[in-house]
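For reference, the structure is listed below as structure tokens.
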There are 2 protein chains.
Amino acid sequence: MLTFTEENYLKAIYHLSDHGRNDVSTNAISEVLKTKPASVSDMLRKLADKNVINYIKYQGVTLTHKGKKEALQIIRKHRLWEVFLVEKLKFNWDEVHEIAEQLEHIQSKFLIKRLDEFLGYPQHDPHGDPIPNENGEMIPKKQISLSEAPVQKQGIVMGLKETSPLFLQYLDKINIYLGAKVKVVDRIEFDSSIEIQIDGKKTAIVSNEVAKNILITE
Amino acid sequence: MLTFTEENYLKAIYHLSDHGRNDVSTNAISEVLKTKPASVSDMLRKLADKNVINYIKYQGVTLTHKGKKEALQIIRKHRLWEVFLVEKLKFNWDEVHEIAEQLEHIQSKFLIKRLDEFLGYPQHDPHGDPIPNENGEMIPKKQISLSEAPVQKQGIVMGLKETSPLFLQYLDKINIYLGAKVKVVDRIEFDSSIEIQIDGKKTAIVSNEVAKNILITE
DNA sequence: TAAATATTTTAGATTAGCCTAAAAAAAAAT
DNA sequence: ATTTTTTTTTAGGCTAATCTAAAATATTTA
Ligand SMILES: [Mn+2]
Ligand SMILES: [Mn+2]
Ligand SMILES: [Mn+2]
Ligand SMILES: [Mn+2]
């Protein structure tokens, strides 16, 4: 059994390693979890003892098969709860992450099975991220960043790379939401900002920084 | 802010004090929380420092106004989540308590408001216990124990005093459920067991111990 | 009312998860 | 190839929540 804190470490390592592909550094973990590197070193020894990470001192960590499976189950729970909060309890997509961060740690063999069923087996969370199934499998997102889209390219907003409340609130303000239809009207060479048309109506100019964080269908 | 553990202590004290009326002893708390009396003494000092209990050494504890309010909010959350699990996720009433024990500690200003709304403002949990409102007010149960009901008395099963899985499973077996119509057919003087008719159909004989734990409408 | 028993508290440890400061190792710069 | 800088680990401490054993207090019994 993993503790609340251990689960958060595994999830952080999974995300930082790009789905378990690269090594992850102590400092990187300490940054996302807002703890000191010394605390991370302590925890890495503990996680290695539990056989959920491969850890050689000074050389970063990777998840073991068991660790990756655990991480994906937590991500599955997180995303299913987010769907519940938005679809059933009518929260906005920018309000659910913090609550899901708590709900993802509820322990019950049956709860998530029943929740998944209740929600109609959703494939994506409210931010467009795929939901792993019981075996940890998920459909990778087929999407490109708005910043890379050529002029005249049209697509559906499928996800975001950045999910901070400030960013989500900005998107709400300019009427960009998950499922919105966007079209690249012009690319301003001066600062790489992009003029877009949203849902065939209003146009807006978004900075390159913003465009980089919006993912649309290919 | 109260910790997970502090919340559990407050809830235990509330239940043991009969809605905050009587003093509660250290040993009684240690028994329901399955900790040693020494640990309870430590925690009582801490809770007194936070002004949620009135505590004089060797003389038991009562909840302060603030402590009672906190306890009732946790009970509100517990019972609303139980309704969700039974009504929406199709759990049986004997499967939900352990999960609600975890869900009751999720912190969010809005979550419970939204959940309450989603569930249609239920007044009772799946075991017939009243759900406190946002101010901690609830309708007291108007019910008597089946063991006290006179012969020929007819009533609806409104709640249970005992909610252990073993007891709930026994009730399922003899077809007693929340809302079932029961009628006292005979009282066996020898061992105080009671013959009852359920939903106007089958009759069964239940021990006095069982009857004591079944609550029916007056 | 004095002794025996039960209850409660204190003293001193332990574990998880965190910290700061210092040491060790690796990486980058000269 | 050294020196400097950065990263990571270790050493030693802290707090919350628990424990066992012993001491203090209250209650019951004789
Ligand atoms: Mn999230
Ligand atoms: Mn989390
Ligand atoms: Mn319950
Ligand atoms: Mn609880």
Side-chain angles (χ1 to χ4, degrees), chain A residues 1-18 22-63 67 70-71 74 101-102 104-107, chain B residues 1-18 22-63 67 70-71 74 101-102 104-107:
Chain A
M1 276 288 3
L2 297 169
T3 65
F4 185 100
T5 307
E6 287 167 344
E7 289 192 343
N8 282 338
Y9 270 86
L10 285 190
K11 201 167 60 121
I13 294 167
Y14 180 88
H15 286 311
L16 285 167
S17 69
D18 185 27
N22 324 320
D23 283 28
V24 177
S25 75
T26 299
N27 272 3
I29 298 168
S30 90
E31 201 174 317
V32 309
L33 295 181
K34 285 149 180 27
T35 58
K36 299 292 159 178
S39 308
V40 175
S41 286
D42 280 351
M43 182 58 89
L44 293 184
R45 204 179 18 71
K46 243 185 79 189
L47 292 172
D49 289 347
K50 292 199 174 186
N51 299 309
V52 287
I53 61 171
N54 303 115
Y55 175 47
I56 305 167
K57 272 197 252 180
Y58 293 103
Q59 280 175 231
V61 289
T62 55
L63 293 172
E70 295 279 3
I74 304 158
E101 205 56 45
Q102 298 177 64
E104 72 189 2
H105 302 290
I106 301 289
Q107 307 282 359
Chain B
M1 275 289 3
L2 297 169
T3 65
F4 185 100
T5 307
E6 288 167 343
E7 290 191 343
N8 282 338
Y9 270 86
L10 284 190
K11 201 167 61 122
I13 294 167
Y14 180 88
H15 287 310
L16 286 167
S17 69
D18 185 27
N22 324 320
D23 283 27
V24 176
S25 76
T26 299
N27 272 3
I29 298 168
S30 91
E31 200 175 319
V32 308
L33 294 181
K34 285 150 183 27
T35 58
K36 299 293 159 179
S39 308
V40 175
S41 284
D42 280 349
M43 182 58 88
L44 293 183
R45 204 181 15 74
K46 242 183 82 189
L47 292 172
D49 289 347
K50 292 199 173 186
N51 300 308
V52 287
I53 61 171
N54 303 116
Y55 174 47
I56 305 167
K57 271 198 252 182
Y58 292 102
Q59 281 176 228
V61 289
T62 55
L63 293 172
E70 294 280 3
I74 303 158
E101 206 56 46
Q102 299 177 62
E104 73 189 2
H105 302 289
I106 302 289
Q107 307 281 359

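Given the structure is predicted, the values throughout are model-derived calculations rather than measurements. Convention: sequence-line order gives letters A, B, ...; per-chain numbering from 1.
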Partners passing ring pair (Phe, Tyr, Trp, His ring centres under 6.0 Å) against Tyr14(A) (at least two apart in sequence or in another chain):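 Partners of Tyr14(A) by the ring pair (Phe, Tyr, Trp, His ring centres under 6.0 Å) criterion, ordered by chain and then number, come out as His19(A).
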Results of ring pair (Phe, Tyr, Trp, His ring centres under 6.0 Å) for Phe4(A) - residues two or more places apart only: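 For Phe4(A), the residues satisfying ring pair (Phe, Tyr, Trp, His ring centres under 6.0 Å) (neighbours in sequence not counted) are His105(A).
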Met43(A) side chain reached by Thr5(A) side chain, heavy atoms, under 4.5 Å: yes
Heavy-atom side-chain contact between Val40(B) and Leu33(B) under 4.5 Å: no
Whole angstrom value for the distance that separates [atom2] of [N] from [atom1] of [X]:
X	N	atom1	atom2	value
Leu47(A)	dT9(D)	CG	P	13 Å
Leu33(A)	dC19(C)	CG	C1'	15 Å
Gln59(A)	dA26(C)	CD	P	7 Å
Ile56(A)	dT9(D)	CD1	C1'	15 Å
Asp49(A)	dT15(C)	CG	P	14 Å

Salt bridge (Lys or Arg N to Asp or Glu O under 4.0 Å) contacts touching residues 51-61 of chain A (sequence neighbours left out): none
Residue pairs passing the salt bridge (Lys or Arg N to Asp or Glu O under 4.0 Å) test where at least one lies in residues 31-43 of chain A, sequence neighbours excluded: none
N or O in side chain of Tyr9(B) less than 4.0 angstrom from dA16(D) OP1/OP2: no
N/O (side chain, Lys57(B)) to phosphate O (OP1/OP2, dT10(C)) under 4.0 Å: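 Answer is yes, contact under 4.0 Å.
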Contacts under 3.5 Å, N or O only, protein and nucleotides 2-7 of chain D:
none

Backbone N/O of Met1(B) and side chain of Lys50(B): donor-acceptor pair under 3.5 Å: yes
Nearest-0.5 Å distance that lies between atom CG in Leu2(A) and atom CD in Gln107(A):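 Separation between the atoms: 8.0 Å.
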CG on Leu47(A) to CG on Leu10(A), rounded to 0.5 Å: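 Leu10(A) CG to Leu47(A) CG: 5.5 Å, rounded to 0.5 Å.
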Touch class at under 4.0 angstrom, heavy-atom based, for Phe4(A) against every strand present: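 Contact class for Phe4(A): none.
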Residue-level proximity of residues 35-45 of chain B to DNA chain D when a heavy atom falls under 4.0 Å: Thr35(B), Lys36(B), Ala38(B), Ser39(B), Asp42(B), Met43(B)
